[in-house]
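Values below: all heavy atoms of this structure, side chains included; hydrogens, waters and symmetry mates excluded.
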Amino acid sequence: MRPLTDEETTTMFEKLSKYIGENIKLLVDRPDGTFCFRLHDDRVYYMSEKILKLATNISRDKLVSVGTCFGKFTKTTKFRLHITALDFLAPYAKFKVWVKPGAEQSFLYGNHVLKSGLGRITENTNQYQGVVVYSMADVPLGFGVAAKSTQECRRVDPMAIVVFHQTDVGEFIRNEDTLT
């Protein structure tokens, strides 16, 4: 387990800023202590510095994971956000989308959100902006990318895609064999 390089940090923070903007500072400097990001086996983990100090007693080859997995770097050095980061990013999300109860199941099966399933959308959401997808009961369901801006969503036909699916909480069940 090692600290992220400057290039890795920049790549990861650019991805996180698509969803939470300048609120990234709130992830690191929290009132309950200082938290940090560490890389282990191409995966980025988010943990308190207390846990980090305890984890140094375990050898790298024996360490499976520590903290919360925020995502992983692909072989092309792109950063993919994991669903395990949802609980940490959802409170700080700048752009949100709420889906109707009938569209929740479709989204949780890995499908995009259609206009007919859109309940609400945050004002001034731009096209291709990262969004956190919520149920109408304000339960975070996953991440997506806005396919249309807020203004375009008002005029588009009901079968048009308004949010591209990125990841959702149903991923645990669909990919339980490959998730580590």
### Ring centre gap for F70 and H82 strictly below 6.0 Å
no
### Same apolar cluster: I83 and Y109, side chain cutoff 4.5 Å
no
### Task
Quick one: closest heavy-atom pair of A90 and V132, and the distance?
CB-CG1, 4.3 Å
### Minimum heavy-atom distance between V145 and Q166, given as atom pair plus value
CG2-NE2, 3.5 Å
#### Entry: Gap between atom CZ of F37 and atom OG1 of T9 - 0.5 Å precision
9.5 Å
### Task
Please answer: with hydrophobic residues joined when any side-chain heavy atoms are less than 4.5 Å apart, are L63 and L54 in the same cluster?
no
### Task
Locate the shortest heavy-atom distance separating I161 from K148; write the atom from each residue and the value.
O-CG, 3.7 Å
#### Entry: Q105 atom CD, neighbour heavy-atom count above 12 within 6.0 Å
no
### Task
Output the distance between atom SG (C153) and atom CD (Q127), rounded to the nearest 0.5 Å.
9.5 Å
### Task
Starting from the C-alpha separation in whole Å, work towards a yes-or-no answer on side-chain contact (heavy atoms from CB on, under 4.5 Å) for D168 and V133.
CA-CA 9 Å; D168 62 81; V133 179; over 6 Å; no
### Query
With side chains defined as the heavy atoms from C-beta onward, is the minimum distance between E7 and M12 less than 4.5 Å?
no
### Task
Run the numbers on K94 and E123 for salt bridge (charged side-chain N to carboxylate O under 4.0 Å, His left out), then give the verdict.
CA-CA 10 Å; K94 296 189 74 131; E123 282 295 322; over 6 Å; no
### Task
Would you indicate whether the side-chain heavy atoms of Y19 and V131 approach each other to under 4.5 Å?
no
### Message
Between E8 and K15 (salt bridge meaning N to carboxylate O under 4.0 Å), is one present in this structure?
### Response
no
### Query
Within the distance-only criterion (no hydrogens, no angle test), does the side chain of S17 pair as donor or acceptor with the backbone N or O of E14 below 3.5 angstrom?
yes
### Message
Can you confirm whether L141 sits close enough to L108 that some side-chain heavy atom of one is under 4.5 Å from a side-chain heavy atom of the other?
### Response
yes
### Query
Counting only N and O atoms by type, is there a donor-acceptor contact under 3.5 Å from the side chain of D41 to the main-chain atoms of R43?
no
### Note, L39 side chain near F73 side chain (heavy atom, < 4.5 Å)
yes
#### Entry: Heavy atoms from other residues, nucleotides or ligands near CZ of F164 exceed 12 (cutoff 6.0 Å)
yes
### Query
So, does E152 use its side chain to make a donor-acceptor pair with the main chain of S149 at under 3.5 Å?
yes
### Summary
Distance col, row T84:OG1 vs E171:CD, nearest 0.5 angstrom, shows 8.5 Å
### Task
Indicate yes or no: at least one non-hydrogen side-chain atom of V139 is less than 4.5 angstrom from one of E104.
no
#### Entry: Nearest-0.5 Å distance, CG of residue L118 to CH2 of residue W98
10.0 Å
### Query
Do R120 and V97 come within less than 4.5 Å of each other through their side chains, counting heavy atoms only?
no
### Task
Would you name the heavy atoms of M47 and R38 that are closest together and state the gap between them?
CE-CB, 3.8 Å
### Task
Taking T150 for its side chain and T122 for its backbone only, find out whether a donor-acceptor pair lies under 3.5 Å.
yes
### Query
Are there more than 12 heavy atoms of other residues, nucleotides or ligands under 6.0 Å from atom CG of D6?
no
### Shortest non-hydrogen separation from T167 to L81 and the atoms involved
CG2-O, 4.2 Å
### Message
To check you understand the geometry: which heavy-atom pair defines the closest contact between L86 and P140, and what is its length?
### Response
CD2-O, 3.6 Å
### Query
So do the side chains of L89 and F143 get within less than 4.5 Å of each other, counting heavy atoms only?
yes
### Message
Can you confirm whether F35 sits close enough to E49 that some side-chain heavy atom of one is under 4.5 Å from a side-chain heavy atom of the other?
### Response
no
Sequence neighbours left out, cut at 3.5 Å: what donor-acceptor pairs do the side chains of residues 23-30 make with other protein atoms?
from	atom 1	to	atom 2	distance (Å)
N23	ND2	I20	O	3.4
N23	ND2	Y92	O	3.0
R30	NE	D32	OD1	3.1
R30	NH1	Y46	OH	3.3
R30	NH2	D32	OD2	2.9

### Task
Indicate if V113 and M159 have the same hydrophobic cluster label, given that clusters are the connected sets of ILVMFWY residues with side-chain heavy-atom separations under 4.5 angstrom.
yes
### Summary
Value for NZ (K115) from CZ (R154), rounded to nearest 0.5 Å, stands at 9.5 Å
### Query
Given H112 and V163, is the side-chain contact (heavy atoms from CB on, under 4.5 Å) satisfied, shown in steps?
CA-CA 6 Å; H112 303 306; V163 176; over 6 Å; no
### Query
Are more than 12 heavy atoms from other residues, nucleotides or ligands located less than 6.0 Å from atom NZ of K96?
yes
### Query
Side chain of Q129, backbone of K18: donor and acceptor closer than 3.5 Å?
yes
